[in-house]
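Small disclaimer: the values here were computed from a predicted structure and weren't measured.
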Amino acid sequence: NGRIAFAAVSWASGCGDCDPSTTGWTAARGARPAAISYRASQPTFSPDGSRLAFAQSGDIYVARPDGSRRRALTRGFYQYDSEPAWSPRGDKLAFSRYGRGLFVVGTRGGTLRRLFSTNSETSDLAWAPSGAELAFAEYGLSGEDAVIRGVALDGTLRELGSGWHVSWSAAGWLAYERADGLFVAHPGSAAERRLVPFVQRPLDFVYDYVEPRIYSWSPEGERIAFARGGRIHVARAAGGTARPITSRGACCPQWSPDGRLVAFVRGRRILAVPARGGRSRLFTRVPGAGCPDCDEWVADLDWQARPSNR
């Protein structure tokens, strides 16, 4: 297992008109985090762990795993790009362009190709394991749950359900959140299973682009780790009893690439616990924003597939 990338977010308390401040970080186990960049968010490693993509100030960048030698894949003054998502082979990046739809571009650069056109907000991009389809959430203006759609590389659309924080597992399961819980289903199936009922939407911050996801798929795609009641639990998507693997005060789980550990956030620390449960160990400490009157939290955890010397 290699580095963990994350975004540290701070927001001036009581300032409803202020934008959150984000800084992207990457850290090796036991080491102090290295800053990717101020205003960097949504860091995500390529499937082979050799590259890191992230969003910054409306553009999409690709860099080395430690955040160095970055280059812009998109750039423009009148657009806002976010939600970078690597294809399973690592040769493409999909992203959302606010008010314009979904686009895909080769990770070495090249011409942008629009997959889906809309004036609505799109987010939570998730590739199918085959790389032939992209799931995403499209938000309307009514305040209701977003529509989950799938778009093939030829532009063919289908509706997959409703919710947000969409994620496709390696085994073909689709997970998503709604106001009443965390659900799993097979795409195209009317049957869905509610893993976690919500009394209220957890960690419901004003700005959903820095809202922590409460769950993470295991590498083989049959198990899911999720936060409930301040503890991390693990359950099988197909059914069975969920097992708590941490004590309270934990959120934002992220599986290790080898499937043996689950990282999570507790306060200003990122820790790792065996997926079967056991003693949690410190992975790294989250740098503070230096703002005593700010609310601070961590989002967008991703764990590098393998160590890299690049």
Side-chain angles (χ1 to χ4, degrees), residues 3 5 7 22 24 26 36-139 146 148-158 160 164-168 170 208-210 213 299-300 302 304-305 308 310:
R3 295 171 173 267
T22 64
T26 176
I36 301 169
S37 184
Y38 177 62
R39 294 200 177 280
S41 63
Q42 302 165 341
T44 175
F45 289 108
S46 61
D48 67 358
S50 66
R51 289 168 291 172
L52 178 72
F54 57 93
Q56 182 183 352
S57 302
D59 298 317
I60 304 297
Y61 290 84
V62 172
R64 289 184 172 183
D66 62 1
S68 65
R69 297 190 65 175
R70 63 178 189 167
R71 60 185 177 87
L73 282 183
T74 70
R75 181 163 288 174
F77 293 105
Y78 303 104
Q79 63 196 38
Y80 190 88
D81 299 336
S82 63
E83 305 277 343
W86 294 92
S87 64
R89 292 176 57 186
D91 59 333
K92 301 181 187 70
L93 267 173
F95 62 91
S96 172
R97 178 164 290 174
Y98 185 78
R100 300 284 300 279
L102 302 182
F103 292 77
V104 65
V105 64
T107 53
R108 302 296 181 184
T111 304
L112 302 184
R113 184 158 61 92
R114 193 198 309 252
L115 291 181
F116 176 65
S117 179
T118 180
N119 293 326
S120 301
E121 179 186 356
T122 54
S123 67
D124 307 327
L125 281 59
W127 288 89
S130 66
E133 188 177 12
L134 190 70
F136 63 96
E138 182 182 13
Y139 292 81
I148 302 172
R149 303 189 190 278
V151 59
L153 294 182
D154 64 2
T156 302
L157 276 174
R158 62 170 173 157
L160 300 176
W164 55 83
H165 283 173
V166 186
S167 183
W168 226 315
D208 63 3
Y209 73 92
V210 289
R213 186 189 297 265
D300 305 329
D302 196 30
Q304 186 186 13
S308 173
R310 288 184 284 180

[X] versus [Y], closest heavy-atom pair with distance:
{"X": "Pro65", "Y": "Thr26", "value": "O-OG1, 3.2 Å"}
{"X": "Leu134", "Y": "Leu102", "value": "CD2-CD1, 4.1 Å"}
{"X": "Leu93", "Y": "Ala53", "value": "CD1-CB, 3.9 Å"}
{"X": "Pro129", "Y": "Trp168", "value": "CD-CD1, 3.9 Å"}
{"X": "Gly49", "Y": "Ala305", "value": "N-CB, 4.0 Å"}
{"X": "Ile60", "Y": "Ala55", "value": "CD1-CB, 4.1 Å"}

Any donor and acceptor pair, going by atom type alone, linking the side chain of [X] with main-chain N or O of [Y] inside 3.5 Å?
{"X": "Arg113", "Y": "Leu153", "answer": "yes"}
{"X": "Trp127", "Y": "Ala85", "answer": "yes"}
{"X": "Gln56", "Y": "Arg39", "answer": "no"}
{"X": "Trp164", "Y": "Asp124", "answer": "no"}

Drop me the distance from [X]'s [atom1] to [Y]'s [atom2], to the nearest 0.5 angstrom.
{"X": "Gln42", "Y": "Thr22", "atom1": "CD", "atom2": "OG1", "result": "8.5 Å"}
{"X": "Tyr139", "Y": "Thr118", "atom1": "OH", "atom2": "OG1", "result": "13.0 Å"}
{"X": "Arg71", "Y": "Arg51", "atom1": "CZ", "atom2": "CZ", "result": "7.5 Å"}
{"X": "Asp81", "Y": "Tyr98", "atom1": "CG", "atom2": "OH", "result": "13.5 Å"}
{"X": "Leu52", "Y": "Ser46", "atom1": "CG", "atom2": "OG", "result": "8.5 Å"}
{"X": "Gln79", "Y": "Leu112", "atom1": "CD", "atom2": "CG", "result": "8.0 Å"}

Checklist entry - Do Asp302 and Pro43 have side-chain heavy atoms sitting under 4.5 Å apart? => result no
Checklist entry - Considering only heavy atoms from C-beta outward, does the side chain of Arg114 approach that of Phe103 to under 4.5 Å? => result yes
Item to check | Residues which pass salt bridge (Lys or Arg N to Asp or Glu O under 4.0 Å) with Arg158, listed by chain and number, not counting sequence neighbours | outcome: Glu133
Checklist entry - So which of Ser96, Ser123, Ser120 actually passes side-chain contact (heavy atoms from CB on, under 4.5 Å) with Glu138? => result Ser120
Checklist entry - Can you say whether the rings of Phe116 and Phe136 are parallel (under 30°), tilted (30 to 60°) or perpendicular (over 60°)? => result tilted
